[in-house]
Protein chains: 2
Amino acid sequence: MAAPPTTPETRERLIDAAVFLFWQNGYAATGVAEILARAKVNSGSFYHFFRSKEALLLAVLDWYVRGLKPFVMQPAFAQSPDPIERVFAVLAFYRQNLIKTGCTYGCPIGRLALEIPENRAEVHHLLAANFDGWTAAIETCLDAARDRLPPDLDRTSLSQFVLTVMEGGVMQSRAHRRIGPFDASVRHLRRYFELLTQSPHHARPVTPPRPIPRPGGPRKTTHRSLTQELL
Amino acid sequence: MAAPPTTPETRERLIDAAVFLFWQNGYAATGVAEILARAKVNSGSFYHFFRSKEALLLAVLDWYVRGLKPFVMQPAFAQSPDPIERVFAVLAFYRQNLIKTGCTYGCPIGRLALEIPENRAEVHHLLAANFDGWTAAIETCLDAARDRLPPDLDRTSLSQFVLTVMEGGVMQSRAHRRIGPFDASVRHLRRYFELLTQSPHHARPVTPPRPIPRPGGPRKTTHRSLTQELL
DNA sequence: GTCTATATGCCGATAGAC
DNA sequence: GTCTATCGGCATATAGAC
């Protein structure tokens, strides 16, 4: 069961290289030759594993879907047991990436979501799946904090709002090359949460949390199929 | 002072074509040949006016800077005299563009802000100038509504937050091909404003009744070119 | 300012030996 | 599965007549 000490396999090296280069330079601006050089792979091997550059992009996006929890959400959640603090720990993760790159590399998924031509349905499907996984993870935090939030509040749409704030903040910080707009956006999101949790929605009942899971209720999206979700 | 009925000059035709194609397909994916065909201009004429494709991009971004007030802000502000409603009228403008394009074309500035390589300083400078013009216009609304907002609130950063919500919402709607995420984000921004204006910072003057903002209300323009409508 | 023809290079993708 | 060599095409940009 111990992992063998070999260098990563060719296919994984290609995905790793593409993950970095698409993040740094985008999809169209990254040439296959660049990927080959970085991965130290020859052209023939590339087309043995991937039928095209776009097929590699799909593998990259699948890699992001699978890596979201172990590499983003779980480390962020480990920062605090408080569910709302966990939301902001996720945002702090993206802030760190901005800082480390001089505010030049933002969210790789967001970048691709705006770059990829609209007629590549399969690619956009995987982009949407990435967003869905992200918001679903945030939603688990919001659900855990439901007692502090107004009862009429829709936590699914609030999780989308959190993603909106992250992506919009990253975009402005990249344009300005300053972390300021990102921080400003997160501060306002923080204030929104404070106002929501302070709003006198009702006297808090001492009723214990629900035991009955409703059949059509909020699903855990991590087991959703990646190819059947859109629309 | 009547506008002469001539066809647009070559330079303007090139900019118009590029505005549309960069909006639809992005910068790298748009070939010069495509621009020439759409503008009905020959290669020689193109390089008479622009030293390179990137020089045309700079002209396009300058076009957006100059068009922001007449083609986006003023029409939106005409929807309501209430300054906070005007903020949401601007957001409704972008909603309309999403709807008209099946949620495929978003904000052209945001798209370019994430696509253009980070080492093109001049381009990013003009992208930031576009964002600055946008948030400055929003800030005039917030300043006009200052009596309804908490005294400690920083209106500059709130105007950046409004842009963040617009851009993040557009991005998610493009990925999902549904207007839902955009609407959800704007709803939460609305709720944030309501909480801010309701917070008991001091005695407040009479709040005017809030009319329902029909997103993208009655259009009075019929002969504006498509590309002129979008910022 | 406009036109046609073309230079030059990189692009994604392939052929075929090993 | 890996390697070298290369294809055909499209990219941006230019030359030079008119």
Side-chain angles (χ1 to χ4, degrees), chain A residues 4-61 111-112 115-123 126, chain B residues 4-61 111-112 115-123 126:
Chain A
T6 64
T7 51
E9 298 293 337
T10 304
R11 197 188 125 94
E12 276 65 44
R13 288 209 314 280
L14 286 166
I15 292 178
D16 281 355
V19 161
F20 177 79
L21 289 168
F22 292 165
W23 178 46
Q24 182 184 56
N25 301 323
Y27 177 72
T30 299
V32 172
E34 219 176 330
I35 299 170
L36 298 180
R38 187 179 176 90
K40 294 187 168 56
V41 166
N42 297 305
S43 172
S45 297
F46 177 93
Y47 287 99
H48 172 76
F49 288 106
F50 302 100
R51 72 177 51 178
S52 68
K53 181 184 173 186
E54 184 169 325
L56 173 60
L57 172 61
L58 294 173
V60 165
L61 291 175
R111 177 173 199 161
L112 294 168
E115 178 188 348
I116 301 301
E118 81 253 17
N119 59 341
R120 321 323 293 245
E122 210 177 348
V123 180
L126 269 172
Chain B
T6 65
T7 50
E9 298 295 336
T10 303
R11 198 187 124 96
E12 277 65 43
R13 289 209 313 280
L14 285 167
I15 293 178
D16 280 355
V19 162
F20 177 79
L21 290 168
F22 292 165
W23 178 45
Q24 183 184 56
N25 301 325
Y27 177 72
T30 298
V32 173
E34 220 177 329
I35 299 170
L36 298 179
R38 188 179 175 91
K40 294 186 169 57
V41 166
N42 296 305
S43 172
S45 298
F46 177 94
Y47 287 98
H48 172 76
F49 289 106
F50 302 100
R51 72 177 44 185
S52 68
K53 181 186 173 186
E54 185 169 323
L56 173 61
L57 172 61
L58 294 174
V60 164
L61 291 175
R111 177 174 198 160
L112 294 168
E115 178 188 348
I116 302 300
E118 80 253 17
N119 58 343
R120 321 321 301 237
E122 210 176 349
V123 180
L126 269 172

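A, B, ... follow the sequence lines: proteins, then strands. Residue 1 opens every chain.
Distance, Arg13(B) CZ to dG1(C) C1': 12 Å, rounded to whole Å. Counting to the nearest Å, the P atom of dG1(D) and the NE2 atom of His48(A) are 4 Å from each other. Going from atom CD of Glu12(A) over to atom C1' of dG1(D) covers 14 Å, rounded to whole Å. Atom CG of Asn25(B) is separated from atom P of dA11(D) by 12 Å (rounded to the nearest Å).
Under the side-chain contact (heavy atoms from CB on, under 4.5 Å) criterion, Ala39(B) pairs with Arg13(B), Leu14(B), Ala17(B), Val41(B), sequence neighbours left out. With sequence neighbours excluded, the residues forming a ring-ring contact (aromatic ring centres under 6.0 Å, His included) with Phe46(A) are Phe50(A), listed by chain and number. Residues passing the side-chain contact (heavy atoms from CB on, under 4.5 Å) test with Gln24(A) are Phe20(A), Leu21(A), Tyr105(A), sequence neighbours excluded. Listed by chain and number, the residues in a side-chain contact (heavy atoms from CB on, under 4.5 Å) with Glu54(A) are Tyr27(A), Ser52(A), Arg120(A), Val123(A) (sequence neighbours excluded).
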* Asked: Tell me, for nucleotides 3-18 of chain C in 5' to 3' order, what letter each nucleotide earns: B for a base near a protein heavy atom under 4.0 Å, S for only sugar-phosphate near one, - for neither?
  -> BBB------SBB----
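Applying the 6.0 Å contact sphere to CD of Glu12(A) captures more than 12 heavy atoms from other residues, nucleotides or ligands.
Within the structure, no pair that satisfies the side-chain hydrogen bond (donor to acceptor under 3.5 Å, both in side chains) test touches residues 39-50 of chain A, not counting sequence neighbours.
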